[in-house]
Amino acid sequence: MTLSPADLPAVRGALLAWFDRAGRPLPWRVGPEGGRDPYRVWVSEVLLQQTQVARGQVYFERFMTAFPTVQALADAPIEAVLKAWEGCGYYARARNLHRAAGVIVREGMPTTYEGWRALPGVGPYTAAAVASLACGEARAVNDGNVRRVLARLHGERQPTQTWVQARADELFDPARPGAFNEAVMDLGATTCTPKTPKCGECPLQAWCTAFASGYPAAFPAPKERAAVREIHAVALLLGDAREAVLERREGSLLGGLMGLPNEVVREGETPEKALARLAERLGASVTGELGTVTHTMTHRHLNLTVYGGLGGPPRSRVSDAALSRLDHKALGLWERRQDSLFAGA
DNA sequence: AAGGCGGGGAA
DNA sequence: TTCCCAGCCTT
């Protein structure tokens, strides 16, 4: 039983009626439908890239308090932007947001899909979302929610991006671009959930091929995922949990954040060798091992052994720096060291 | 087209 | 544990 083109108007109507009744009141949904505040919508969409709404909401409030306007964001130092983003992950988003704010201040707020798409950190999804929600442009978004809702509705186990976009476009309501996009995403996030969809509450149940199959959660099929690589590294804590030597991380991995000086233990190398290299680079001496912390980051599993030491470059205040969770764990070893000394006394 | 890029929630 | 999250950028 496949969905007929003749059913599309009824499905569209049921979806929008459900949204008008059960849509979520989110903090960036302010202003008229199709005419929302572009700055708030843009920030929220970037924040929500690969980040669940409940989590994104916390960072949204924090971010808007720190940078209430695009001018404030453009004027802020990148360190302050990363500090507001601390712990949220995918830090290139914060760096791009800051860069794009500079462009907007110089050239004005974009008013079209193409205009948004030209900004750093704004891809097809985000451009379509902001253009529809804030500019009223007729663009159907294509994200993880849309993919899952449409795969189930049509009973497609292996939906390609092209296929999803075509299905979204044909179901789209050009009369209510923003509402339609929010409706599909709300349905995917609250009802048509990945593991245990609440089909009993779904306004599209009557047309849903996956529901009819009896196994809605089997659509779409799980994606193949890359293996997690194991990485060993050593770090030096020169100072204490409050003030320590910190280095700015370069490159794509946690780029822009501060962290304890560290060296990766290379293939066929002993940790001692890597530690010696690290100490020499810093002009520091090692006093002892504080412990090991582990950190998993989707694609790699990091084992970081932390040592205490003396000397090295000037220390800086930890609370002023933007650190990854990994470095917060490493600094936590200092407190545990104090505890064990106290317990043994 | 494929792989890198954080961190956490849900089941 | 496994899978996924209002994806984007680089190769």
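So that the names make sense, note that chain A is the first sequence line, chain B the second, and so on, each numbered from 1. Keep in mind it's a predicted model, so treat the numbers as computed, not measured. These values consider heavy atoms only, across backbone and side chains, with no hydrogens, waters or symmetry-generated copies.
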Over how many whole Å does the gap from A/Gln57 atom CD to B/dG9 atom P extend? 14 Å
Does any donor-acceptor pair link the side chain of A/Thr51 with the base of B/dG8 at a separation under 3.5 Å? no
Does A/Arg300 have a side-chain nitrogen or oxygen under 4.0 Å from the phosphate oxygens OP1 or OP2 of B/dC5? yes
Charged N-O contact under 4.0 Å between A/Asp143 and A/Arg148: no
Round to a whole Å and report the spacing from CD of A/Glu86 to P of B/dG6. 14 Å
If each of A/Val122 and A/Leu133 is mapped to the nucleotide of DNA chain C with the nearest heavy atom, which maps nearer the 5' terminus, i.e. the 5' end? A/Leu133
Charged tip of A/Arg152 within 45° of A/Phe219 ring normal and under 6.0 Å: no
What range of DNA chain C does chain A touch, first nucleotide to last, counting atoms under 4.0 Å from its heavy atoms? C/dT2 to C/dC9
Whole angstroms only, please: what is the CG-P distance between A/Leu302 and B/dC5? 11 Å
Could you tell me whether A/Asp186 and A/Arg24 make a salt bridge, using a distance below 4.0 angstrom between a side-chain N and a carboxylate O? yes
On a heavy-atom basis, which atom in A/Thr294 and which in A/Lys329 lie closest, and how many Å separate them? O-NZ, 2.9 Å
What's the CG-P distance between A/Leu48 and B/dG6, to the nearest Å? 18 Å
Assign each of A/Glu45 and A/Gly121 to its nearest nucleotide of DNA chain C by heavy atoms, then name whichever residue's nucleotide is nearer the 5' end. A/Glu45
Heavy atoms only, 4.0 Å cut-off, all strands: where does A/Arg29 land among base, sugar-phosphate and nothing? base
Looking at every strand, decide which applies to A/Val53 at a 4.0 Å heavy-atom threshold: base, sugar-phosphate, or nothing. base
Given B/dG4, is OP1 or OP2 found less than 4.0 Å from the side-chain N or O atoms of A/His299? no
base_contact_polar (B/dG4 base, A/Ser252 side chain, donor-acceptor, <3.5 Å): no
What is the nucleic acid contact for A/Arg24, judged by heavy atoms within less than 4.0 Å: base, sugar-phosphate only, or nothing? base
Determine the contact category for A/Thr193: base if any of its heavy atoms lies under 4.0 Å from a base atom, sugar-phosphate if only primed atoms, P, OP1 or OP2 are that close, otherwise nothing. nothing
Test the A/Arg167-A/Trp163 pair against the cation-pi criterion, namely NZ or CZ under 6.0 angstrom from the six-membered ring centroid and within 45° of the ring axis. yes
In whole angstroms, the gap separating C1' of B/dG7 from NE2 of A/His301 amounts to 14 Å
Give A/Gly56 one of three labels, base, sugar-phosphate or nothing, depending on what nucleic acid heavy atoms sit under 4.0 Å from its own. nothing
Could you tell me whether A/Thr126 contacts a base, only the sugar-phosphate backbone, or nothing, with contacts defined as non-hydrogen atoms closer than 4.0 Å? sugar-phosphate
Lys/Arg N to Asp/Glu carboxylate O, A/Arg139 vs A/Asp169, below 4.0 Å: no
Under 4.0 Å between any heavy atoms, over every strand shown, what does A/Leu253 touch: base, sugar-phosphate, or nothing? Just pick one. sugar-phosphate
Run the ring-centre check on A/Tyr59 versus A/Trp85 and record whether the distance is less than 6.0 Å. no
With sugar-phosphate meaning primed atoms plus P, OP1 and OP2, does A/Leu26 contact a base, only sugar-phosphate, or nothing at under 4.0 Å between heavy atoms? base
Quick one: label A/Trp85 by what it contacts on the DNA or RNA (base, sugar-phosphate, nothing), any heavy atom closer than 4.0 Å. nothing
How many whole angstroms separate atom CG of A/Leu47 from atom P of B/dG6? 15 Å
When rounded to whole Å, the OH to P distance for the pair A/Tyr90 and B/dG8 reads 13 Å
Side chain of A/Gln50 only, please: which of B/dG7, B/dG9, B/dG6 is the nearest? B/dG6
Taking all non-hydrogen atoms of both residues into account, name the closest pair between A/Gly259 and A/Leu323 and its distance. N-CD2, 3.9 Å
Could you check how far CG of A/Leu323 sits from P of B/dG6, rounded to whole Å? 14 Å
Spacing of the P atoms in B/dG4 and C/dA6 (rounded, Å): 23 Å
For atom P, what is the distance between B/dG6 and C/dT11, given to the nearest Å? 16 Å
Please tell me which of A/Arg325 and A/Lys195 maps to the more 5' nucleotide of DNA chain B, matching each residue to the nucleotide holding its nearest heavy atom. A/Arg325
Between the side chains of A/Glu247 and A/Arg281, is the shortest nitrogen-to-carboxylate-oxygen separation below 4.0 Å, so that they form an ion pair? yes
